Amino acid sequence: MPTSFYNTLHHRLEDFVPMHPGPDPADAIKGSQIGIYSCGPTVYDYAHIGNFRAFLFADVLRRYLELRGAHVTHVMNMTDVGHMTDDQLADGAGRDKLEVAVEKMKENKKQGKAQIENPNDPFAVADFFAQAFLQDARLLGLGVVADYDAASTDESKERIIPRPTRHIPEFISMIETLIARGHAYIGADGVVYYDIRSFPAYGKLSGNSLEQLSHGAGGRTNEQAAKKHPADFFLWKPDRHHLMRWPSPWGDGYPGWHIECSVMSMRALGQSFDLHTGGEDNIHPHHECEIAQSEGATGKPFVKYWMHTRHLMVNGEKMSKSKGNFFTIRDLTARGFDPVVIRWGLISTRYREPLNFTIQGLYEAAAAITTLRDLAEKLTAAVAAVDEAAGEGDFSSPGTTSAPLHELVLEPADQQMLTEFNLAMDDDLNVSGALAALFTWANPLHKQKKLAYRQARSALQSLKKVDHVLGVVFVDLQALPQDRQRQVEDLVQKRTAARQQKDFAAGDMIRKQLLSLGVEVKDTPAGTTWRSRLAPEKLSQ
RNA sequence: GGCCGGAUGCCCGAGUGGACUAAGGGAGCGGAUUGCAAAUCCGCGAUUCGUGGGUUCGAAUCCCACUCCGGCCUCCA
């Protein structure tokens, strides 16, 4: 069963074979070294769920390859160079986006809701939103950010999540190379342009020909006397008045918005690497231009597999601020949805299908995750009971058990589930199909009253494996704030007291109160327990 | 105008020629359990896959036409 992905470069499903395969000829992914570069966020504002769909798709890809035994080096940029807002004059007219962000910050400061010390400093503004992004990404469990946090030096962090403003000299040097190799020229206006006619493959990724591009009916490839071809794009633009600017051989100015990914990806992953991901809007022009730049500069094939995710819709419409269907991660967590729910909502639809995001969908996600977490709890308890008796210690933390997890021989049912899960994932990351395999497996376990130790241990191990990809079961939920926790415990006690006196009306009232605090109680023969809900109380009509 | 996707039950969403009397999740309904809940258990629900043709022994799956929806074509994940 070959692993296949849809490669945008060739517009078809292709078997995935890593450039640096593992030792086993029957399974090239196991033990392979795989480089992935993902187009990351721009840090002019808070990232929204649409952005995160793209980042999470890359995360699922990366985690699945890890599950298959690959050593993945995952790189994601964070664009902090201000690019332009105006699409009518594509070659860098209009206002700088960071300039807009700076204005907004200044306005906030005036209104007393200052977010940073000096809102005039574009670097500080970019840094503010970069930190906000990292926070959101941690909540959603992006592996690349975990790598970043675990990295011990600034340089290693910079390889994992590079920031363009820290690599300007490298951009300049690549532009010089492109000029030297005849792929770039200085226009009559002093701007350095890429000469797309020097790179005949330009347009391959999006299925465009140069002919079509020059006659684009969108009318957006504006004729400019300074350029040789209307679709030539700029690499460096001298502009002494630009907010962020750096010295260069072509005058003080700023880089084009494609060069950063060419430079930073090759810097971390080498001149040729396996996978490059992004949103579908990146295909043209961004990735098209990246290929032209990178291959123009090195003369080598740049990326083997290009993967792009479809855009996200909200309630059947394009997400936009004016329609009121624009969500950030903090919007949703503030409403009481746990980040795991958001993660599930964004990954459970296959990346190449358009995703219609709804609040209803988040409730469904919460229900599905709760089922799996309940099962995990049951399995863990069954295993812990025996381990404790045998003095084997805590199974849930690897390394403390006498039998390391990876040496376990799995039960046939578990093995079958993993096989089916992988089969679906091998089919261009069919997450929905993979989840079906998981639930089909989970249901009988749920129903089973008593679990044998062997069975529970094997099942737990299997669930952990698939959760390496899903990242929603064996992760901590958002903790209640201290004061809220005390309030909850107090209420639970009051309820227990009321119930002991058979005052069920009072008890039920308190249960409702707890529900509105995001907490549900469970009465068992052993007593009352409570836990946080993954989704807020549904407003009843 | 060019290029590219999509349409499956109440909702989300697999399935791309025969094991489909269509996976899985959610919501719903009836019953068991419960002080009532939650969780769990048992049971129920698409003779049908946007519409119309065609190919085939056989189609959700292939072909043609049509309708509708969405994306990209130098802001965008």
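Here the structure is a predicted model, which means the values were calculated and not measured. Below, read A as the first sequence line, B as the second, and so on, with proteins coming before strands; counting in each chain starts at 1. Only heavy atoms go into these numbers, but all of them, side chains included; no hydrogens, no water, no symmetry mates.
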Please set out all donor-acceptor pairs under 3.5 angstrom arising from side-chain atoms of residues 369-376 of chain A, sequence neighbours excluded.
residue	atom	partner	partner atom	Å
Thr370(A)	OG1	Ala366(A)	O	2.7
Thr371(A)	OG1	Ala367(A)	O	3.1
Arg373(A)	NH1	Val472(A)	O	2.9
Arg373(A)	NH1	Val473(A)	O	3.1
Arg373(A)	NH1	Val475(A)	O	3.0
Arg373(A)	NH2	Val475(A)	O	3.0
Asp374(A)	OD1	Arg531(A)	NH1	2.7

Apply side-chain hydrogen bond (donor to acceptor under 3.5 Å, both in side chains) to the pair Asn443(A) and His446(A), showing each step before the final yes or no. CA-CA 5 Å; Asn443(A) 282 333; His446(A) 243 301; over 6 Å; no

Given the options Glu288(A), Glu280(A), His286(A), His284(A) meets side chain to side chain donor-acceptor pair (under 3.5 Å) only with Glu288(A)

How far does the C1' atom of G50(B) sit from the matching atom of G5(B), given to the nearest Å? 16 Å

Do NZ/NE/NH1/NH2 and the carboxylate oxygens of Glu520(A) and Lys522(A) come within less than 4.0 Å? no

Mind checking Gly50(A) for me? I need base, sugar-phosphate or nothing, with any heavy atom below 4.0 Å counting as a touch. base

Leu438(A) near the nucleic acid: base, sugar-phosphate alone, or nothing, with a heavy-atom cut-off under 4.0 Å? nothing

Kindly give the atom pairs (protein nitrogen or oxygen, nucleotide nitrogen or oxygen) under 3.5 Å for nucleotides 11-14 of chain B.
residue	atom	partner	partner atom	Å
G13(B)	O3'	Ser432(A)	OG	3.2
A14(B)	O3'	Asn430(A)	ND2	3.0

Indicate, yes or no, whether a donor-acceptor pair under 3.5 Å links the base of G24(B) to the side chain of Asn443(A). no

Mind checking if His11(A) touches a base, just sugar-phosphate, or nothing, with heavy atoms under 4.0 Å? nothing

Residue list, ring pair (Phe, Tyr, Trp, His ring centres under 6.0 Å) with His308(A), at least two apart or on another chain: His287(A)

Donor-acceptor pair (no angle test) under 3.5 Å: Arg499(A) side chain, G35(B) base: yes

My understanding is that only residues two or more places apart in sequence, or in another chain, count here; which of them pass side chain to side chain donor-acceptor pair (under 3.5 Å) with Lys494(A)? none

Sorted by position of nearest nucleotide on RNA chain B, 5' first, the leading residue of Asp281(A) and Thr371(A) is Thr371(A)

Base-pair string, RNA chain B, Watson-Crick plus G-U, cut-off 3.5 Å on both distances, | for inter-strand, is ((((((((.[[[..)..(.....]]].(((((.......))))).....[[[[[..)....]]]]])))))))....

Between G31(B) and A38(B), how far apart are the P atoms? Round to whole Å, please. 14 Å

Provide the distance between the two C1' atoms, one in U67(B) and one in U56(B), to the nearest whole Å. 26 Å

Would you be so kind as to tabulate the donor-acceptor pairs closer than 3.5 Å made by side chains of residues 433-440 of chain A, with sequence neighbours excluded?
residue	atom	partner	partner atom	Å
Thr440(A)	OG1	Ala436(A)	O	2.7

Please list all pairs meeting salt bridge (Lys or Arg N to Asp or Glu O under 4.0 Å) that have one or both residues in residues 416-425 of chain A, counting only residues at least two apart or in different chains. none

Please identify each residue that fulfils salt bridge (charged side-chain N to carboxylate O under 4.0 Å, His left out) with Arg511(A), with sequence neighbours left out. Asp508(A)

Between C42(B) and G15(B), how many Å separate the two C1' atoms, rounded to a whole number? 28 Å

Given RNA chain B, 5'-ward residue of the pair Asp523(A) and Cys39(A), judged by closest heavy atom: Asp523(A)

Provide the distance between the two P atoms, one in C63(B) and one in G24(B), to the nearest whole Å. 29 Å

Among the nucleotides U40(B), G26(B), G70(B), which one has an atom lying closest to any side-chain atom of Ala367(A)? G26(B)

Within this structure, what is the NZ-to-C1' distance between Lys450(A) and C41(B), rounded to whole angstrom? 18 Å

How would you list, by chain and number, every residue that makes a salt bridge (charged side-chain N to carboxylate O under 4.0 Å, His left out) with Asp195(A), sequence neighbours excluded? Lys228(A)

May I ask you to check whether Tyr193(A) and Phe233(A) place their ring centers less than 6.0 Å from one another? no

Salt bridge (charged side-chain N to carboxylate O under 4.0 Å, His left out) partners for Asp338(A), two or more places apart: none

Under 5.5 Å and under 30°: Phe439(A) stacked on G24(B): no

Checking Asn430(A) now: which residues fulfil side chain to side chain contact (heavy atoms under 4.5 Å, CB included) with it, not counting sequence neighbours? Arg350(A), Ala424(A), Asp427(A), Ser432(A)

Distance check, P atoms only: G18(B) and C62(B), in whole angstrom units. 11 Å

Could you give the distance separating A77(B) and U61(B) at their C1' atoms, to the nearest angstrom? 32 Å

Which listed nucleotide (G70(B), G24(B), C36(B)) is nearest to the side chain of Thr440(A)? G24(B)

Strictly under 3.5 Å: I want the nitrogen or oxygen pairs between protein and nucleotides 29-33 of chain B, one per line.
none

Under 4.0 Å, heavy atoms only, any strand: does Asp508(A) hit a base, just the sugar-phosphate, or nothing? base

Mind checking if Lys447(A) touches a base, just sugar-phosphate, or nothing, with heavy atoms under 4.0 Å? sugar-phosphate

In whole angstroms, the gap separating C1' of C4(B) from NE2 of His311(A) amounts to 13 Å

Would you classify Arg495(A) as touching base, sugar-phosphate or nothing, given that sugar-phosphate means primed atoms plus P, OP1 and OP2, and contacts are heavy atoms under 4.0 Å? base

